[in-house]
Number of protein chains: 2
Amino acid sequence: MALDKIDRKILTLLQKDATMPVAEIGRKVGLSTTPCWRRIQKMEEDGVIKRRVAVLEPTKVNAGVTVFVSVKTNEHSDGWLRKFATTVEDFNEVVEFYRMSGDIDYLLRVVVPDIAAYDAFYKRLIAKIALTDVSSSFAMEQIKYTTALPLEYVMVADDDK
Amino acid sequence: MALDKIDRKILTLLQKDATMPVAEIGRKVGLSTTPCWRRIQKMEEDGVIKRRVAVLEPTKVNAGVTVFVSVKTNEHSDGWLRKFATTVEDFNEVVEFYRMSGDIDYLLRVVVPDIAAYDAFYKRLIAKIALTDVSSSFAMEQIKYTTALPLEYVMVADDDK
DNA sequence: CCTGTCGGCGCAATATTCTTGCTAGAACCT
DNA sequence: AGGTTCTAGCAAGAATATTGCGCCGACAGG
């Protein structure tokens with residue numbers, strides 16, 4: 001499952017634009033289409049490439065407001081956690097959900113059209129699961145958002161130029 | 001630029017899997033391939049669909065650790081903001097970057113392989129731009145991450161079933 | 001030094017999917 | 001009713017993905 005520099009280049013390209021024809025990718029990384037296609041195929045099988053998706057413009061689908069929701073809790077039992085997790089995951093408005101170290105226990109990124117919709121979401125959430133210490137922070141502006149992970153850290157063999 | 005229920009269905013599918021053939025999308029939304037293709041095309045022209053990308057598995061590319069970085073600042077001049085924004089954006093490790101309301105001014109989501117790499121990133125960051133009040137929170141677990149925006153809020157005409 | 005095996009590359013043929021030109025029907029206005 | 005516009009659909013053509021096959025270089029064993 002080791003990746004080399006060519007694989008990394010391919011991933012860099014696919015993270016930007018997954019519609020690019022394999023032939024063109026091959027050309028850019030210095031490979032003909034077949035080996036390039038096989039590498040992509042392998043990375044999909046290996047789960048390096050998880051999937052290909054369409055990225056939408058938030059404002060155009062009425063989902064332009066991001067709210068970060070910090071949750072602190074006293075409940076730390078495994079059962080409660082599981083219930084909390086599944087409950088939260090089912091909300092489409094929750095696009096990211098992390099268990100944190102430190103001060104706060106969970107952090108959610110919630111996407112809604114406006115403050116009113118956030119309030120409605122919030123009510124629906126706490127109706128489903130009791131939460132005591134919740135704090136909401138509104139994003140005024142999304143300065144950067146990318147699905148592209150940094151590839152500087154992928155392991156490549158030494159003899160690989 | 002109005003979207004109807006069929007468009008919304010198409011977007012739902014494409015947000016999950018952008019490799020699905022247009023013919024199959026058409027079948028699922030009750031349309032033949034041509035009109036379905038034209039709708040997709042139009043949504044791309046209108047910027048509703050921004051692009052199609054490959055989503056990678058973070059752990060497989062050595063980018064499995066997320067750190068949220070909160071920044072407070074006294075500098076609020078337009079020039080400083082612009083410099084800050086462009087500086088931060090250039091770091092591939094920064095995958096999300098928001099200007100916030102309330103207590104903290106900026107929030108970044110940073111992706112790195114481990115704590116050591118985060119420390120290195122942090123040093124590189126503050127070397128480029130002076131920051132006084134910075135606080136880092138580590139995510140222990142990514143419970144949910146999706147690029148799919150909620151489509152419950154898209155405006156659809158009333159007469160549209 | 002030779003030889004067999006393995007792995008990755010590339011060409012060429014095939015299969016699938018995308019893209020476009022054209023026709024037709026429904027809704028709407030005049 | 002006639003005309004206009006919008007959207008669907010068919011079918012042909014173009015582009016792209018996918019596969020089979022042969023080639024070449026690296027490497028290990030004799």
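Residue numbers start from 1 in every chain, and the chains themselves are labelled A, B, ... in the order their sequence lines are given, proteins ahead of strands.
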(request) If the plane angle is over 60° it's perpendicular, under 30° parallel, otherwise tilted; pick one for B:Y118 and B:Y122. (result) tilted
(request) Nearest whole angstrom, please: distance from the P of C:dG7 to the CD1 of A:I6. (result) 18 Å
(request) Decide, yes or no, whether a salt bridge links A:K42 with A:D46 under the criterion of side-chain N to carboxylate O below 4.0 Å. (result) yes
(message) Less than 6.0 angstrom separating the ring centers of A:Y153 and B:F121, yes or no?
(response) no
(message) Expressed as a whole number of angstroms, how long is the span from A:R27:CZ to D:dT16:P?
(response) 11 Å
(message) What is the distance, to the nearest angstrom, from the CZ atom on A:R52 to the P atom on C:dT17?
(response) 14 Å
(message) Quick check on the hydrophobic clustering: are A:L151 and A:Y145 connected, directly or via other members, by side-chain heavy-atom contacts under 4.5 Å?
(response) no
(message) Tell me whether B:K72 is salt-bridged to B:D105, with the criterion being a basic N under 4.0 Å from an acidic carboxylate O.
(response) no
(message) What does the B/S/- profile of nucleotides 9-15 of chain D look like, 5' to 3', with a 4.0 Å heavy-atom cutoff to protein?
(response) BBB----
(request) Calculate the interatomic distance between A:R39 atom CZ and D:dT19 atom C1'; express it in whole Å. (result) 19 Å
(request) Compute the centroid of each ring, for A:Y106 and then for A:Y98, and state whether the two points are separated by less than 6.0 Å. (result) no
(request) Send over the distance from A:Q41 CD to C:dC9 P, rounded to a whole Å. (result) 15 Å
(request) May I have the distance from B:D4 (atom CG) to D:dC6 (atom P), rounded to whole angstrom? (result) 15 Å
(message) Side chains of B:H76 and B:W80, heavy atoms from C-beta outward: is any pair under 4.5 Å?
(response) no
Got a list of protein N/O to nucleotides 26-29 of chain C N/O distances below 3.5 Å?
none

(request) Name all pairs fulfilling the salt bridge (charged side-chain N to carboxylate O under 4.0 Å, His left out) condition that reach into residues 49-64 of chain B, sequence neighbours left out, sorted by first residue then second. (result) A:K50-B:E57, A:E57-B:K50, B:E44-B:R52
(message) Measure CG/A:D7 against P/C:dG7 and give the value in whole Å, please.
(response) 16 Å
(message) Tell me whether A:V95 shares a hydrophobic cluster with A:V112, the cluster being built from Ile, Leu, Val, Met, Phe, Trp, Tyr side chains joined at under 4.5 Å.
(response) no
(request) Starting from P on D:dT18, measure out to CH2 on A:W37 and report it in whole angstrom. (result) 5 Å
